[in-house]
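Heads up, the thing below is written out as structure tokens.
Because only heavy atoms are used, hydrogens play no part in the values below, and waters and symmetry mates are left out as well, while side chains stay in. Naming convention: chains lettered A, B, ... in sequence-line order (proteins, then strands); numbering from 1 in each chain.
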Amino acid sequence: MSGFYERPVGVVARELIGCVVRCGETAGLIVETEAYHEIEPACHAFVGRTARTVTLFGPAGRAYVYLSYGLHTMLNAVCEREGVGAAVLIRALEPLEGIELMRARRRRERVEELCSGPGKLTEALGITLADNGADLRAGPVTIATKGRAALPVAASRRIGITKAVELEWRFAVPGNRFVSRAGAAPAR
DNA sequence: CATGGGATTGACT
DNA sequence: GTCAATCCCATGC
């Protein structure tokens, strides 16, 4: 069998919707993802293999974790065959377990504010740069890819990037209140 | 070695 | 709506 993550990154991004991310006592259901691939300039791997991107070119099923804006940690799942730089960014979760711990880490009470963004969910789950390169089937951060929830999925443009903005490589559950920027006007 | 730009968030006008 | 925080790392001199 070919691994779940060794398939085209867009397929994996769509199928990760409804899977459960777990880290320690905290867990959440994936409701929003984005796909990135070395062939397009929004992807960190576009520049080739560097100190930062070695994980992206490594074996599928690993976590690619990096720091954004010097503040926020981003969780990605490395995809496609080894040597191809591609990954799925996990952008939002519906909190399932460890919600009080998430509240303490996030210093927020409303459950909609715990994991409704890529930087928020890593803080809520306690994911750090030390998790970069870890195997997502072994932990400490894991993603359960079997028995995922069957949820509706809509594709749209990726958020917060300045290159390759026309690609509709963002996948989200329509109308879900835990999706990032859920309060903002829908894209048109 | 110095510089500048982010796959964001939260606070503020 | 605007904007600062904050730091890794890619790039260029």
Here the distance between atom C1' of B:dA7 and atom CE of A:Met74, to the nearest Å, is 6 Å
Looking only at C:dT11, C:dC8, B:dT8, the nucleotide nearest the A:Leu67 side chain is C:dC8
Residue pair A:Tyr66/A:Glu113 against DNA chain B: nearer the 5' end by closest nucleotide is A:Tyr66
- Can you find a side-chain donor-acceptor pair between A:Arg22 and A:Thr142 that sits under 3.5 Å? no
When rounded to whole Å, the CG to P distance for the pair A:Leu89 and B:dT9 reads 10 Å
Q) Under 4.0 angstrom, heavy atoms only, what part of the nucleic acid is A:Arg107 near: base, sugar-phosphate, or nothing? A) nothing
Is A:Tyr36 stacked on the base of B:dA7 when the test is centres under 5.5 angstrom and planes under 30 degrees? yes
Next on the checklist: Regarding A:Glu109 and A:Arg103, does a basic nitrogen lie under 4.0 Å from an acidic carboxylate oxygen?
Outcome noted: yes
Does a side-chain N or O of A:Lys163 approach OP1 or OP2 of B:dA7 to a distance below 4.0 Å, or not? no
Rounded to whole Å, CZ of A:Arg52 lies from P of B:dG6 at a distance of 10 Å
By the Watson-Crick or G-U definition, both distances under 3.5 Å, B:dT9 is matched with C:dA4
- prompt: Which part of the nucleic acid, if any, lies within contact of A:Leu71, taking any heavy atom under 4.0 Å across all strands shown: a base, the sugar-phosphate backbone alone, or nothing?
  reply: base
Does A:Ala51 reach a base, just sugar-phosphate, or nothing at all? Heavy atoms under 4.0 Å.
sugar-phosphate
Atom NE2 of A:His44 and atom P of B:dG5 are separated, to the nearest Å, by 15 Å
_So does A:Thr128 get a backbone contact from the side chain of A:Asp131, meaning a donor-acceptor N/O pair under 3.5 Å?_
yes
Verify the contact: side-chain N or O of A:Arg106 to OP1 or OP2 of B:dT9, cut-off strictly under 4.0 Å; return yes or no. no
* To do: Give the C-alpha distance, both sets of side-chain angles, the deciding distance and a yes or no for side-chain contact (heavy atoms from CB on, under 4.5 Å) between A:Arg14 and A:Phe171.
  => CA-CA 6 Å; A:Arg14 181 178 284 272; A:Phe171 302 92; 3.6 Å; yes
Considering only heavy side-chain atoms of A:Thr50, the closest of C:dA10, B:dA11, C:dC8 is C:dA10
A:Tyr69 OH to B:dG4 P, in whole Å, measures 17 Å
To the nearest angstrom, the CD-P distance between A:Glu112 and B:dT9 comes to 16 Å
### C:dG1 versus B:dA7 - spacing of their C1' atoms, nearest Å
23 Å
A:Arg49 CZ to C:dA10 P, in whole Å, measures 13 Å
- Does A:Arg170 have a side-chain nitrogen or oxygen under 4.0 Å from the phosphate oxygens OP1 or OP2 of B:dA7? no
From CG of A:Leu129 across to C1' of C:dC8 the rounded distance in Å is 9 Å
Of the candidates B:dA7, C:dT11, B:dG6, the side chain of A:Val47 sits closest to C:dT11
State plainly whether the residues A:Arg7 and A:Glu15 are in salt-bridge range, i.e. N to O under 4.0 Å.
yes
Does a salt bridge link A:Arg81 with A:Glu6, judged by any charged N lying under 4.0 Å from a carboxylate O? no
Just to confirm, is there a sub-4.0 Å distance from OP1 or OP2 of B:dA7 to any side-chain nitrogen or oxygen of A:His72?
no
> Touch check for A:Arg158, heavy atoms < 4.0 angstrom, all strands: base, sugar-phosphate only, or nothing?
Replying inline: nothing
